[in-house]
A.B. asks: 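Dropping a structure here in structure tokens format, bear with me for questions.
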Amino acid sequence: MGYYTNKVIWITGASSGIGEALALALAAQGARLVLSSRRADELARVQKACTNPNNVKIVTVDLLDTVVLGAKTSEALAVFGHIDIMVHNGGISQRGLVAETSMQVQRKVMEVDYFSYVELTNHLLPHFMQRGGGHFVVISSVMGKIGTPMRSAYAAAKHALHGFFDCLRAEVFNKNILVTVITPGYIRTNVTMNALKGDGTPVAELGHNIANGLPAGKAAVQILKAVAAGKFEAYVGKNSTEKLALLVNRIAPNLLQKIVRKQVPK
Ligand SMILES: NC(=O)c1ccc[n+]([C@@H]2O[C@H](COP(=O)([O-])OP(=O)(O)OC[C@H]3O[C@@H](n4cnc5c(N)ncnc54)[C@H](OP(=O)(O)O)[C@@H]3O)[C@@H](O)[C@H]2O)c1
């Protein structure tokens, strides 16, 4: 029996990329899954591809629709009667200079990538408390630890996740509730296709770094290993430059600033 066997796991952003890869890997390890995102047809495709699709159920949710997130949590809880692990993964990225990024985009990225995670956590936490345990898994980003040009909204939302979930981890540490924050580097998914430009339109291109990123299936293996080990935080990726950037930011932040400012488009 592995860490995930028979566990009930709710994954947001399960219709694509990292969430989809996590669903496939977890289903193969005998977990029971609740898959969420906006697109029911894509979730059904993932469900069909899972080992034992009968153990995989769908609850559609738009993370921007804050009014329904309480009801969606109840719906997800009702599927198998409880939840052991919540994987906060659904999200959008952003590409644009601060000077060119509308407030609408700044707020939208914060709503989807930060506030929806806080809201779902608030709704699920009483259940974890009552059961005497649970595990929150949060897909942040290397951008949750450093800030580079063209990513202000995204980096802000991801940094906020670290603040919130570090506090929560300390508050619930003695209640058998774990919090693992994952900071992926470049992973090959649709993330840049869906990333918002300053005017709110999607980038609609894959981008060189993402195209050469770690395949999502391999990222899922690394994520699940870190979660099963109960890590507080873990980098996931294949790029030694990303790891180096995290280290330089810790020990010589001024040097990192000198390096990242070269990335401002001419
Ligand atoms: N790929 C990378 O290099 C990378 C690096 C660091 C962190 N991450 C993080 O990894 C997570 C997953 O991204 P990905 O790379 O797998 O990208 P992706 O392939 O674009 O997947 C994003 C997922 O989020 C869902 N989503 C987006 N907006 C939503 C909304 N308003 N309501 C509900 N679901 C929504 C999408 O589903 P629907 O469209 O069906 O709603 C989709 O399932 C994100 O949090 C991202 O920031 C990715």
Side-chain angles (χ1 to χ4, degrees), residues 12-21 37-39 42 62-65 88-118 138-164 181-216 219 223 235-246 248-249 253 256-266:
T12 67
S15 63
S16 170
I18 295 172
E20 173 178 354
S37 82
R38 292 165 299 183
R39 292 171 298 161
E42 286 301 307
D62 183 348
L63 296 171
L64 264 178
D65 194 358
H88 287 295
N89 166 76
I92 40 171
S93 191
Q94 166 261 342
R95 298 285 186 279
L97 297 170
V98 170
E100 295 166 356
T101 301
S102 69
M103 273 314 295
Q104 210 181 1
V105 168
Q106 295 284 1
R107 287 187 187 277
K108 185 172 179 182
V109 173
M110 208 66 181
E111 265 318 320
V112 177
D113 292 358
Y114 175 67
F115 281 115
S116 78
Y117 287 36
V118 172
V138 182
I139 308 300
S140 172
S141 167
V142 166
M143 284 300 118
K145 305 297 282 185
I146 63 176
T148 62
M150 308 286 285
R151 303 284 198 285
S152 58
Y154 185 68
K158 296 294 189 182
H159 272 71
L161 288 175
H162 287 263
F164 178 86
V181 183
I182 304 291
T183 59
Y186 289 115
I187 313 297
R188 205 182 310 153
T189 70
N190 287 328
V191 72
T192 31
M193 299 292 291
N194 302 321
L196 302 180
K197 291 193 280 191
D199 62 2
T201 58
V203 169
E205 280 171 20
L206 197 54
H208 174 80
N209 289 327
I210 291 288
N212 290 296
L214 185 71
I223 291 168
Y235 163 80
V236 160
K238 67 167 189 186
N239 190 324
S240 49
T241 314
E242 291 163 352
K243 265 191 186 162
L244 188 64
L246 292 172
V248 172
N249 188 50
L256 190 79
Q257 284 294 310
K258 278 188 191 153
I259 296 167
V260 302
R261 73 174 67 125
K262 296 199 173 105
Q263 293 174 13
V264 176
K266 300 267 181 311

A.B. asks: Applying ring-ring contact (aromatic ring centres under 6.0 Å, His included), name anything that partners Y154, two or more places apart in sequence or on another chain.
C.D. replies: none
A.B. asks: Find out whether N239 and N212 are in side-chain contact, i.e. whether some heavy atom of one side chain is under 4.5 Å from a heavy atom of the other.
C.D. replies: no
A.B. asks: Please assess S152 against Q106 for the test side-chain hydrogen bond (donor to acceptor under 3.5 Å, both in side chains), listing each intermediate value before the final yes or no.
C.D. replies: CA-CA 8 Å; S152 58; Q106 295 284 1; 3.2 Å; yes
A.B. asks: Considering only heavy atoms from C-beta outward, does the side chain of I92 approach that of L196 to under 4.5 Å?
C.D. replies: yes
A.B. asks: Between F164 and Y114, what is the ring plane arrangement, given parallel below 30°, perpendicular above 60°, and tilted in between?
C.D. replies: perpendicular
A.B. asks: Show the nearest heavy-atom pair for residues G90 and D113, with the distance to one decimal.
C.D. replies: O-OD1, 4.4 Å
A.B. asks: Taking T101's backbone N and O only, do any of them form a donor-acceptor pair with K197's side chain (distance below 3.5 Å, no angle check)?
C.D. replies: no
A.B. asks: Show the nearest heavy-atom pair for residues S15 and R39, with the distance to one decimal.
C.D. replies: OG-NH2, 3.3 Å
A.B. asks: Under 3.5 Å, side chain of Y117 to main-chain N/O of N89, donor-acceptor pair present?
C.D. replies: yes
A.B. asks: Going from OH on Y235 to CD1 on I182, what distance comes out if it is rounded to the nearest 0.5 angstrom?
C.D. replies: 12.0 Å
A.B. asks: With no hydrogens and no angle check, is any side-chain donor or acceptor of R188 less than 3.5 Å from a backbone partner on A211?
C.D. replies: yes
A.B. asks: Looking at N249 and I146, would you say the former's side chain and the latter's main chain have a donor-acceptor pair under 3.5 Å?
C.D. replies: no
A.B. asks: Compare all side-chain heavy atoms of S93 with those of R95 and state whether any distance is below 4.5 angstrom.
C.D. replies: yes
A.B. asks: Please tabulate, one pair per line, all N/O donor-acceptor pairs under 3.5 Å involving side-chain atoms of residues 259-266, not counting sequence neighbours.
C.D. replies:
none

A.B. asks: Checking side chain to side chain contact (heavy atoms under 4.5 Å, CB included) for the pair L64/K108: CA distance, chi angles, key distance, verdict?
C.D. replies: CA-CA 8 Å; L64 264 178; K108 185 172 179 182; 3.7 Å; yes
A.B. asks: Do T148 and M143 come close enough that some side-chain heavy atom pair is under 4.5 Å?
C.D. replies: yes
A.B. asks: Working to the nearest 0.5 angstrom, can you tell me the gap between K158 NZ and S141 OG?
C.D. replies: 6.0 Å
A.B. asks: Can you confirm whether the side chains of S140 and H162 place a donor and an acceptor under 3.5 Å from each other?
C.D. replies: yes
A.B. asks: Quick one: are I210 and V191 in side-chain contact, heavy atoms under 4.5 Å?
C.D. replies: yes
A.B. asks: Contact between I18 and T189 at the side-chain level, heavy atoms closer than 4.5 Å - yes or no?
C.D. replies: yes
A.B. asks: Which heavy atom of A160 sits nearest a heavy atom of M110, and at what distance?
C.D. replies: CB-CE, 3.9 Å
A.B. asks: Is V181 close to L161 at the side-chain level, that is, under 4.5 Å between some pair of heavy atoms?
C.D. replies: no
A.B. asks: Would you say Y186 and E242 are linked by a side-chain donor-acceptor pair, where the criterion is simply a distance under 3.5 Å?
C.D. replies: no
A.B. asks: Between M150 and L97, is there a side-chain heavy-atom distance shorter than 4.5 Å?
C.D. replies: yes
A.B. asks: Looking at T192 and A195, would you say the former's side chain and the latter's main chain have a donor-acceptor pair under 3.5 Å?
C.D. replies: no
A.B. asks: Looking at A153, is its backbone amide N or carbonyl O close enough to the side chain of Q94 to form a donor-acceptor pair, meaning the two atoms are under 3.5 Å apart?
C.D. replies: yes
A.B. asks: Rounded to the nearest 0.5 Å, how far apart are CD1 of I187 and CD1 of I223?
C.D. replies: 7.0 Å
A.B. asks: Between A216 and G17, what is the shortest heavy-atom contact and its length?
C.D. replies: CB-O, 3.8 Å
